[in-house]
**Student:** 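Below you'll find the structure I mean.
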There are 2 protein chains.
Amino acid sequence: MKNRKTREAIVSAADTLFYERGFEATSFADIAAAVEISRGNFYYHFKTKDEILSAVIAKRIEDRRAMLAKWGEALAPRDRILRFIEILITNQSKIMTFGCPVGTLATELSKLAHPAQPDANQIFSVFRDWLRLQFEELGCGGRSDDLAMHLLMRSQGIATLAAAYKDEAFIRREAADMTGWLQSQLDPSKASPRPSH
Amino acid sequence: MKNRKTREAIVSAADTLFYERGFEATSFADIAAAVEISRGNFYYHFKTKDEILSAVIAKRIEDRRAMLAKWGEALAPRDRILRFIEILITNQSKIMTFGCPVGTLATELSKLAHPAQPDANQIFSVFRDWLRLQFEELGCGGRSDDLAMHLLMRSQGIATLAAAYKDEAFIRREAADMTGWLQSQLDPSKASPRPSH
DNA sequence: TAATTAATAGGTCAAATGTCCTAATGCGTC
DNA sequence: GACGCATTAGGACATTTGACCTATTAATTA
């Protein structure tokens, strides 16, 4: 079926455009042009803009779940968390240009009081729940969710400032500090009070 | 002159609306309605939307400068930084609903590739420079700017997650953790590796 | 091959938006 | 009181947007 292929192309293009320009700033025509289809064809697949948004959010959730599942197969819990921190380095240039795809969408939908806001938060929760699980496996018990939120918080803060200042060194420095923080949490005895500063 | 009064009312209303709904999502009509003036009158004061944006950014910079100057008179450097952290608690409910006014504007303008983005970043820099100055006064020397960025980073991360999850306890917990971090930086000997977690 | 469904193209529509203009009104000065 | 400038009102306009419709083509099935 050509159906699925076109549909996926639309969702993929919308995903990119929503990330790079924002949800509101992206129009039907923009997406249709990116996929090189007519607006009519577009309407055949998605009746409303909210429908595309839902599809994009679903795709993002699925993509992240798949990524984390891959890490789960190959890495130990501690290394999985380190890999999470490394995303900041890996996606450096995109983050410096467009910020964090998860955070910026959640923020935008929050301001628009958009009904899909809870769905967008689910993308956050994919990471939150996964991180909590890693900390639990590492024996952090009841602190695990707090630690997960702390890591998420740092990622969001780093992404926001990185996008504002376009400062590579800042990202690297804070990623290293995050790693130091992680070690101090998992191995309190060896912790240094000044990890990298 | 009535001129200035109307102008200030417009900028003030635009400031609020840009914060609560975002820049793009706020229309001329929205602002005019909020001030209860006609669009024609509006156009007399501001010819383009970008002109209003500039005025709003200038106002935000001025407001923050004034706030920080006040703190400078009454508080010691250390307490000034603590007061900065307290903003998160003081503005809790607004932050949980609309995020950080500084970060969300900078992010939005960044995505729109808006020419005023550097101006919006100046609001960030008001805090960054001020925080750096406090750390310098506290004898942190060359680390001062990094420490300032670290505090900004945490504020942004907390605001983003607070807006997503609307979690008061999270804000309080992370604000306390930030305070602990501050103490560990200013007074390394007494530092505990697990401030609050 | 004929019939039916899936998919695409392109045009239309009302509403909203940023921008601009002109006419009217207030208001201080001579 | 009359003049001139500052301010305000409200409408006009082109463009864009999300949404919708119908006609046409491609694909599948009978």
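All chains are named by letter (A, B, ...) in the order of the sequence lines, taking the proteins before the strands, and each is independently numbered beginning at 1.
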**Student:** For B:Ala34, what residues pass the side-chain contact (heavy atoms from CB on, under 4.5 Å) criterion, not counting sequence neighbours?
**Tutor:** B:Ala13, B:Leu17

**Student:** Looking at D:dA6, I'd like to know if its phosphate oxygens (OP1 or OP2) sit under 4.0 Å from a side-chain N or O belonging to B:His45.
**Tutor:** no

**Student:** My understanding is that only residues two or more places apart in sequence, or in another chain, count here; which of them pass side chain to side chain donor-acceptor pair (under 3.5 Å) with B:Ser27?
**Tutor:** B:Asp30

**Student:** In whole angstrom, what separates A:Ile31's CD1 from D:dT16's P?
**Tutor:** 17 Å

**Student:** So, does B:Thr6 get its side chain near the phosphate of D:dT8, meaning an N or O under 4.0 Å from OP1 or OP2?
**Tutor:** yes

**Student:** Return the value, rounded to whole Å, for the distance between atom CG of A:Asn41 and atom P of D:dA26.
**Tutor:** 13 Å

**Student:** According to ring pair (Phe, Tyr, Trp, His ring centres under 6.0 Å), does anything in residues 97-122 of chain B pair up with another residue at least two apart or in another chain? List the pairs.
**Tutor:** B:Tyr19-B:Phe98, B:Phe23-B:His114

**Student:** I need the CD-P distance between B:Glu36 and D:dG10, as an integer number of Å.
**Tutor:** 13 Å

**Student:** Should we say atom NZ of B:Lys94 is surrounded by more than 12 heavy atoms from elsewhere, each under 6.0 Å from it?
**Tutor:** no

**Student:** Nearest of C:dT8, C:dA9, D:dG10 to any side-chain atom of A:Tyr44?
**Tutor:** C:dT8

**Student:** Starting from C1' on C:dA7, measure out to CZ on A:Arg7 and report it in whole angstrom.
**Tutor:** 14 Å

**Student:** Under the rule for side chain to side chain donor-acceptor pair (under 3.5 Å), what residues qualify as partners of A:Arg172, not counting sequence neighbours?
**Tutor:** A:Glu168

**Student:** Collect all protein-nucleotide pairs involving nucleotides 17-23 of chain C in which both atoms are nitrogen or oxygen and the distance is under 3.5 Å.
**Tutor:**
{"from": "C:dG18", "atom 1": "OP1", "to": "B:Lys49", "atom 2": "NZ", "distance (Å)": "3.0"}
{"from": "C:dG18", "atom 1": "OP2", "to": "B:Phe28", "atom 2": "N", "distance (Å)": "2.9"}
{"from": "C:dT19", "atom 1": "OP2", "to": "B:Lys49", "atom 2": "N", "distance (Å)": "2.9"}
{"from": "C:dC20", "atom 1": "OP2", "to": "B:Tyr43", "atom 2": "OH", "distance (Å)": "3.3"}

**Student:** Please name all residues satisfying side chain to side chain donor-acceptor pair (under 3.5 Å) with A:Arg39, sequence neighbours left out, ordered by chain then number.
**Tutor:** none

**Student:** With sequence neighbours left out, what residues match A:Asp15 under salt bridge (Lys or Arg N to Asp or Glu O under 4.0 Å)?
**Tutor:** A:Arg60

**Student:** For A:Tyr165, check ring-ring contact (aromatic ring centres under 6.0 Å, His included) against everything at least two apart and list the hits.
**Tutor:** none

**Student:** Find the distance B:Arg21:CZ to C:dA16:C1' and express it as a whole number of Å.
**Tutor:** 14 Å

**Student:** Holding to side-chain contact (heavy atoms from CB on, under 4.5 Å), I want the full list of residues that pass it with A:Leu68, two or more places apart in sequence or in another chain.
**Tutor:** A:Trp71, A:Val126, A:Phe127, A:Trp130

**Student:** For the helix from C:dT1-D:dA30 to C:dC30-D:dG1, figure out the bend between the end axes, five pairs an end, and round to 10 degrees.
**Tutor:** 10°

**Student:** With sequence neighbours excluded, tell me which residues meet side chain to side chain donor-acceptor pair (under 3.5 Å) with A:Glu136.
**Tutor:** A:Arg132

**Student:** Would A:Lys47 and A:Tyr43 count as a cation-pi pair here, with the cationic atom under 6.0 angstrom from the ring centre and within 45° of the axis?
**Tutor:** yes

**Student:** Please give me every residue in residues 52-60 of chain B whose heavy atoms get under 4.0 Å of an atom in DNA chain D, ordered by residue number.
**Tutor:** none

